[in-house]
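The block underneath contains the structure these notes are about, expressed in structure tokens.
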Amino acid sequence: METLGDDDGPLDVHDYRHGLKLLQETRDTSHWVNKKNYACPACGKPFEQLFISAKTDNTFTPSSVAPFCIRHEPDRILMFRH
């Protein structure tokens, strides 16, 4: 199983575009589905969805409680929902 990112800097999501499906995108955020079963760079387990935000504040209203991992990069935060 391939892990998203190589830990050598910020994740370039476009390098993995063939295995991710874009659900929604705004100027500061994007929401993706993991179609190729990539592994999370934080825990190494497969994740279902990826949310990327360059915003300082984000609010979520989860429909269910699901485990997630957070990766902080200099310009943004990435949330991997498992």
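Source: prediction; values computed, not measured.
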Begin from the C-alpha positions of Leu22 and Ser30 and carry the test side-chain contact (heavy atoms from CB on, under 4.5 Å) through to its verdict.
-> CA-CA 7 Å; Leu22 182 63; Ser30 59; 4.1 Å; yes
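- In this structure, the side chains of Leu11 and Glu73 come closer than 4.5 Å at one or more pairs of heavy atoms.
- Hydrophobic cluster membership differs between Ile52 and Leu23, with clusters built from Ile, Leu, Val, Met, Phe, Trp and Tyr side chains linked at under 4.5 angstrom.
- For the atom pair NE2 of His72 and CG of Leu78, the computed distance is 10.0 Å after rounding to the nearest 0.5 Å.
- Residues Arg76 and Ser53 fail the side-chain proximity criterion, which asks for heavy atoms closer than 4.5 Å.
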Leu4 and Asp15: CA distance, side-chain angles, deciding distance, side-chain contact (heavy atoms from CB on, under 4.5 Å) verdict = CA-CA 9 Å; Leu4 229 60; Asp15 289 346; over 6 Å; no
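- Across every non-hydrogen atom of Lys55 and Asp28, the tightest pair is CG-CB, 3.4 Å.
- Taking 4.5 Å as the limit, every side-chain heavy atom of Tyr16 sits out of range of all side-chain heavy atoms of Lys36.
- At least one side-chain heavy atom of Phe80 sits less than 4.5 Å from a side-chain heavy atom of Arg71.
- A heavy-atom distance below 4.5 Å is found between the side chains of Leu20 and Tyr38.
- Side chain of Asn34 to main chain of Phe47: a donor-acceptor pair is present (N/O by atom type, distance under 3.5 Å, no hydrogens or angles).
- For Phe68, the side chain to side chain contact (heavy atoms under 4.5 Å, CB included) partners two or more places apart in sequence, or in a different chain, are Ile70, Met79.
- A side-chain donor from one of Gln49 and His31 sits under 3.5 Å from a side-chain acceptor of the other.
- Between Cys69 and His82, the closest side-chain pair of non-hydrogen atoms falls below 4.5 Å.
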Check against side-chain contact (heavy atoms from CB on, under 4.5 Å), Trp32 and Arg17 = CA-CA 10 Å; Trp32 305 82; Arg17 184 71 174 96; 3.5 Å; yes
